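Accompanying notes for the structure given below.
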There are 2 protein chains.
Amino acid sequence: MKHPLALAIHGGAGTIRRHRMTPEAEARYRAGLEAALQVGYAVLARGGHALDAAEAAVLSLEDNPLFNAGKGAVYAHDGTHRFDAAVMRGDTRQAGSVACIRGVRNPIRLARLVMEQSAYVMMVGPEAEDFARLHGLPFEDTAYFHDELRYQQWLRVKDSDQMTLDHSDKGEKNYSTVGAVACDRAGNLAAATSTGGMTNKRFGRVGDSPIIGAGTYADNATCAISATGHGEPFMRAVVAHDVAALMAYRGLSLAEATAEVIHHKLPGMHGSGGLIAVDAQGQVALPFNCEGMYRGSWQEGGLPVVRIFGDE
Amino acid sequence: MKHPLALAIHGGAGTIRRHRMTPEAEARYRAGLEAALQVGYAVLARGGHALDAAEAAVLSLEDNPLFNAGKGAVYAHDGTHRFDAAVMRGDTRQAGSVACIRGVRNPIRLARLVMEQSAYVMMVGPEAEDFARLHGLPFEDTAYFHDELRYQQWLRVKDSDQMTLDHSDKGEKNYSTVGAVACDRAGNLAAATSTGGMTNKRFGRVGDSPIIGAGTYADNATCAISATGHGEPFMRAVVAHDVAALMAYRGLSLAEATAEVIHHKLPGMHGSGGLIAVDAQGQVALPFNCEGMYRGSWQEGGLPVVRIFGDE
């Protein structure tokens, strides 16, 4: 049986409002999302695996300084960048994840390396960086990850105990993460998520992105999920696995299950954010319970769709 | 409504066989489990919260050199001890977790501190140790954590890339973790898990114990769970949340849901181990799919029960 191709991506969610964004900034975000959709969908279109498609899309977003992952990551409390990332493939349900790592140019590659070249699912901290070096992954210095806007955001809060969300210079609360989910021709699903976390985060804080079942999950029998939101409620609610469980055990559709979690369950835990999801029938869902989410999707037979605001 | 008190604990699972254990060793293990049950149940009996009971039981097991957590932790690849721990309370669904930390005498206390004194759910690595110091948690040096048997186990494999399981000197494969789950008078549930991980683990490996939804989970509406097993399959299967989801969405009882996950779903992922579970009606379940599990339970109106082997 041939499955319809599908890809969905996100670049974070939060209080994203049209009147606060210049047309130029909006155009840059849309172009970045469109570019990620194009590279990811191209993998699917040439018969590639969902995992390769999801990884390709996330690599594009990691390399784009607009998004809080890889090159565009926010500053942690100590003035460095810390990355979390995870991948999961729905056919074998293998997974790989890294947290609180520094200097790795593309954290999503390291997450995949953990999945494919180690007996582990998760590695954290400086020793995970050793694993990256052992396998020859490219590292970058602080200058590569520097972004003046994010540096200024950090300078404003670094002497406080406050952890702020990305892009908060205009009173916005953004949960910045990037992610991709894909369904390939064989009906294999995959999810990939990468983030720089929250500005001024400290104490080795880890959010939901690299937690299998919370921010990232994939199972061919149900769905692939990549979440973006206030990480702590997403972890406590085990968001991604909860969507899959509602489909598996209660028979909900992808749209129903994702809506139930994002619009009904999470608000009760003060969980603000969204997620992207795909199932093996090529259906996609991109729900969020905040003002906006940088997002895009491309379903076979249709055109790539890129959206930012809640009223689109 | 008054709920019946219940407590369950574990001290790891694996190829634990009667003929391989001396009567003296067996007696020490049983005494250690009994002691943990006593301190945990005493908290419940005097009207304490399930979280305090679960923490008290785990503290007892962490301080006991027989179990792979706290004082009895195994050696990691670099000759130090790394701890993972998590707590979750089912009333508020707050959670706290730490991974890949060193030197903290009682990692379960640090997990609780993360839950109660930070805005985070999870902290990892040296910076999490800074958080422990900031709050005055006791640290210990290498001598405190030294155990000759575990040191010899590590010496035999340290120059290999092999990661071995605890107690493997006689060809046994043990997944050593400690944990406790409790139901208090008000029907509040809580779970606590702590581990030293696997002998010779490296690269900042994190297992299922500190992952909310995998090794540790609690929700008053369903159950509290602490798992012990080969961490990687447990993480990929999101074991603890899967039990809760089977109860919530498919209406299974605690016994049915835990059996489904441990005996039917996990073996398909080569997931060996077990878990302890309690619900708000004071029911307990302690299933495992390997030869034995160090375990104990105490339900109100009954006597404390301690078991080790699969045929008990």
Side-chain angles (χ1 to χ4, degrees), chain A residues 76-78 82 88 92-95 97-101 114 118-132 134 161-163 201-208 210-214 217 219 231-242 244-246 248-252 269, chain B residues 76-78 82 88 92-95 97-101 114 118-132 134 161-163 201-208 210-214 217 219 231-242 244-246 248-252 269:
Chain A
H77 188 70
D78 65 353
R82 303 291 165 89
M88 187 163 184
T92 60
R93 289 171 78 194
Q94 287 174 286
S97 114
V98 291
C100 213
I101 58 159
V114 170
S118 86
Y120 304 160
V121 165
M122 187 175 199
M123 297 184 187
V124 303
E127 289 179 280
E129 298 159 23
D130 294 342
F131 184 75
L134 194 69
D161 277 341
Q162 201 188 345
M163 171 176 75
K201 70 177 176 181
R202 60 193 299 195
F203 299 129
R205 181 255 184 186
V206 175
D208 64 309
I211 304 300
I212 302 305
Y217 188 71
D219 181 353
E232 280 71 17
F234 277 61
M235 296 167 85
R236 293 161 49 211
V238 199
V239 160
H241 186 264
D242 203 27
L246 283 165
Y249 303 145
R250 205 168 253 177
L252 298 195
M269 299 179 80
Chain B
H77 188 71
D78 65 352
R82 304 289 166 90
M88 188 163 184
T92 60
R93 289 170 77 194
Q94 287 174 286
S97 115
V98 292
C100 212
I101 58 159
V114 170
S118 86
Y120 304 160
V121 165
M122 186 175 199
M123 297 184 187
V124 303
E127 290 179 281
E129 297 159 23
D130 294 341
F131 184 75
L134 193 68
D161 277 342
Q162 203 188 343
M163 171 177 76
K201 70 177 175 181
R202 59 193 300 195
F203 299 129
R205 180 256 186 186
V206 175
D208 64 308
I211 304 299
I212 302 305
Y217 189 69
D219 182 353
E232 279 71 17
F234 277 61
M235 295 166 85
R236 293 161 49 211
V238 199
V239 160
H241 186 264
D242 203 27
L246 283 165
Y249 303 146
R250 205 169 253 178
L252 299 194
M269 300 180 78

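These numbers were taken from a predicted model, which means no experiment stands behind them. Lettering of chains follows the sequences in order, A, B, ..., and the numbering in each one begins at 1. Any value given below was found using the heavy atoms of this structure, including those in side chains, with hydrogens, waters and symmetry copies removed.
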*Part of A:D242 within contact of chain B (heavy atom distance under 4.5 Å)*: both
*Is there a side-chain contact between B:P233 and A:R93 (heavy atoms, below 4.5 Å)?*
no
_Donor-acceptor pair, distance only, cut-off 3.5 Å: does the side chain of A:R82 make one with the backbone of A:V206?_
no
*Region of A:A244 in contact with chain B, defined by heavy-atom distances below 4.5 Å*: neither
*Evaluate the side-chain proximity of B:V121 to A:R236: yes if any heavy-atom separation is below 4.5 Å, no if none is.*
yes
*asked:* Under the criterion side chain to side chain contact (heavy atoms under 4.5 Å, CB included), I'd like the reasoning laid out for A:V98 against A:V114: C-alpha separation, chi angles, the key distance, then a yes or no.
replied: CA-CA 8 Å; A:V98 291; A:V114 170; 3.8 Å; yes
*Check whether B:T92 gets within reach of chain A through its side chain, its backbone, both or neither, counting any heavy atom under 4.5 Å.*
backbone
*asked:* Only pairs of heavy atoms separated by less than 4.5 Å count here; which of A:L134, A:V238, A:I211 has the most with chain B?
replied: A:V238
*asked:* With chain B as the partner, which of A:A245, A:A99, A:A132 has the greatest number of non-hydrogen pairs under 4.5 Å?
replied: A:A245
*When heavy-atom pairs shorter than 4.5 Å are enumerated against chain A, which of B:I212, B:D130, B:D219, B:L246 gives the highest number?*
B:L246
*Determine, stepwise, if the pair B:R202 / A:Y120 fulfils side chain to side chain donor-acceptor pair (under 3.5 Å).*
CA-CA 10 Å; B:R202 59 193 300 195; A:Y120 304 160; over 6 Å; no
*Top contributor to chain A contacts, counting heavy-atom pairs under 4.5 Å, from B:R250, B:M235, B:H241, B:M123*: B:H241
*What residue in B:Y249, B:F131, B:Y217 has the most heavy-atom pairs under 4.5 Å with chain A?*
B:Y249
_Go through it in stages, so that I can follow the logic: the residues are A:E232 and A:R205, the test is salt bridge (charged side-chain N to carboxylate O under 4.0 Å, His left out), and I'd like the CA-CA distance, side-chain angles, deciding distance and then a yes or no._
CA-CA 10 Å; A:E232 280 71 17; A:R205 181 255 184 186; 2.9 Å; yes
*Looking at A:E129, A:M269, A:M88, which one has more heavy-atom pairs under 4.5 Å with chain B than the rest?*
A:M269
_How close do A:V124 and B:C100 get, counting heavy atoms only, and between which atoms?_
CG2-CB, 3.6 Å
*Tell me, side chain or backbone of A:A128 under 4.5 Å from chain B's heavy atoms, or both, or neither?*
both
